Amino acid sequence: MSSDTSKRIEKVEVIEKDTSKRIEKVEVIEKDIASALESAGLVVGELAKDAPSQAFYEQHTKNFLHLVQNIEIGLSEQISYLGRVSSSTVCGNTPRLAEQKSSHGQACLRQAQQSLEERLAAVQGKVAKFDCDSVDMSALTTSHPVNGSGKLEGTPMELS
């Protein structure tokens, strides 16, 4: 085997390893996107309840924001890499196009983050307005029509 052939084989092996690693990174990004959508869905579902659990939606909101940040970083790295690779093989506006796509993706992620934060703020305002001290607890007790007390006294036949 000539030295040129062995160099080409080594180069192909390096490219295959790099490609394999890039595919793995894209798969991780894909899983993060699915997880982020799941977290966002859980938050929206919780916020739709009459009495949402603040700890629940805060935990899933933090998870969503963390995933969005990872997705943004991962996509930026992949797009940057693709821009560099394509600019080395093709002349033209490819790096600028990759940058525009990256900016658009980041803007979409920021918009989703802002929307979720607005919903969270609205629910936090709704939860803060609910004051347990303002509920008249005396209205929740019923008095027995016979003896006037809140306690039921007598046999079942007497109570009916």
Side-chain angles (χ1 to χ4, degrees), residues 1-137 139-141:
M1 202 184 307
S2 72
S3 70
D4 279 343
T5 305
S6 65
K7 286 180 183 177
R8 285 186 202 147
I9 291 173
E10 287 175 11
K11 188 174 183 179
V12 167
E13 288 173 351
V14 168
I15 290 172
E16 285 177 356
K17 286 180 184 177
D18 187 50
T19 302
S20 168
K21 287 179 184 176
R22 295 235 170 248
I23 290 171
E24 287 174 10
K25 288 180 181 180
V26 169
E27 288 172 349
V28 168
I29 293 169
E30 245 182 324
K31 289 176 184 174
D32 282 351
I33 291 171
S35 296
L37 290 173
E38 182 180 357
S39 287
L42 290 171
V43 169
V44 171
E46 186 67 22
L47 295 178
K49 293 180 179 178
D50 290 336
S53 167
Q54 184 174 358
F56 181 87
Y57 68 74
E58 282 182 353
Q59 174 190 355
H60 288 284
T61 300
K62 286 178 185 177
N63 186 44
F64 171 80
L65 296 175
H66 176 72
L67 288 167
V68 166
Q69 185 178 19
N70 288 346
I71 293 165
E72 187 176 359
I73 290 169
L75 287 175
S76 293
E77 288 173 355
Q78 296 299 320
I79 291 169
S80 175
Y81 169 77
L82 291 173
R84 286 192 311 271
V85 169
S86 64
S87 69
S88 67
T89 57
V90 179
C91 296
N93 295 329
T94 306
R96 187 172 45 194
L97 181 61
E99 210 171 284
Q100 289 172 346
K101 287 183 178 184
S102 175
S103 296
H104 177 71
Q106 290 172 351
C108 288
L109 289 171
R110 280 192 296 276
Q111 185 178 10
Q113 178 181 357
Q114 181 180 4
S115 174
L116 189 59
E117 287 173 348
E118 287 171 0
R119 288 182 181 169
L120 179 62
V123 167
Q124 285 175 335
K126 190 166 88 174
V127 170
K129 288 180 186 177
F130 183 76
D131 182 11
C132 291
D133 295 333
S134 66
V135 175
D136 182 15
M137 299 304 281
L140 298 176
T141 60

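Values reported hereafter were calculated over all heavy atoms of this structure, with side chains retained and with hydrogens, waters and symmetry mates removed. As the structure is a computational prediction, the values presented were derived from the model and not from experiment.
The existence of a salt bridge linking E24 and K21 is excluded, since no basic side-chain nitrogen approaches an acidic carboxylate oxygen closer than 4.0 Å.
A donor-acceptor contact shorter than 3.5 Å links the side chain of S76 to the backbone of E72.
Looking at I73 and Q69, their side chains come closer than 4.5 Å, going by heavy atoms from C-beta outward.
Shown here for P52 and E46, the closest heavy-atom pair between the two residues is CB-O, 3.1 Å. Taking every heavy atom of both residues into account, A36 and I71 meet most closely at CB-CD1, 4.1 Å.
Atom CZ of R119 sits in a sparse spot, with 12 or fewer heavy atoms from other residues, nucleotides or ligands closer than 6.0 Å. Shown here is E58, whose CD atom has more than 12 heavy atoms of other residues, nucleotides or ligands within 6.0 Å.
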Assess the residue pair N70 and H66 against the criterion (side-chain contact (heavy atoms from CB on, under 4.5 Å)); give the C-alpha distance rounded to whole Å, side-chain angles, the decisive distance to 0.1 Å, and a yes or no.
CA-CA 6 Å; N70 288 346; H66 176 72; 3.2 Å; yes

V43 vs F64, side-chain contact (heavy atoms from CB on, under 4.5 Å): CA-CA, chis, key distance, verdict:
CA-CA 9 Å; V43 169; F64 171 80; 5.8 Å; no

Please determine whether side-chain contact (heavy atoms from CB on, under 4.5 Å) holds for the pair Q113 and L109, giving the CA-CA distance in whole Å, both sets of side-chain angles, and the decisive distance to 0.1 Å.
CA-CA 6 Å; Q113 178 181 357; L109 289 171; over 6 Å; no

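In this structure, S35 OG and L67 CG are separated by 5.5 Å, a value rounded to the nearest 0.5 Å. To the nearest 0.5 angstrom, D32 atom CG is 9.5 Å from L75 atom CG. Put simply, CG on L42 and CD on Q59 are 9.5 Å apart, with the number rounded to the nearest 0.5 Å.
Under the 6.0 Å cut-off for aromatic ring centres, F56 and H60 qualify, their centroids lying closer than that.
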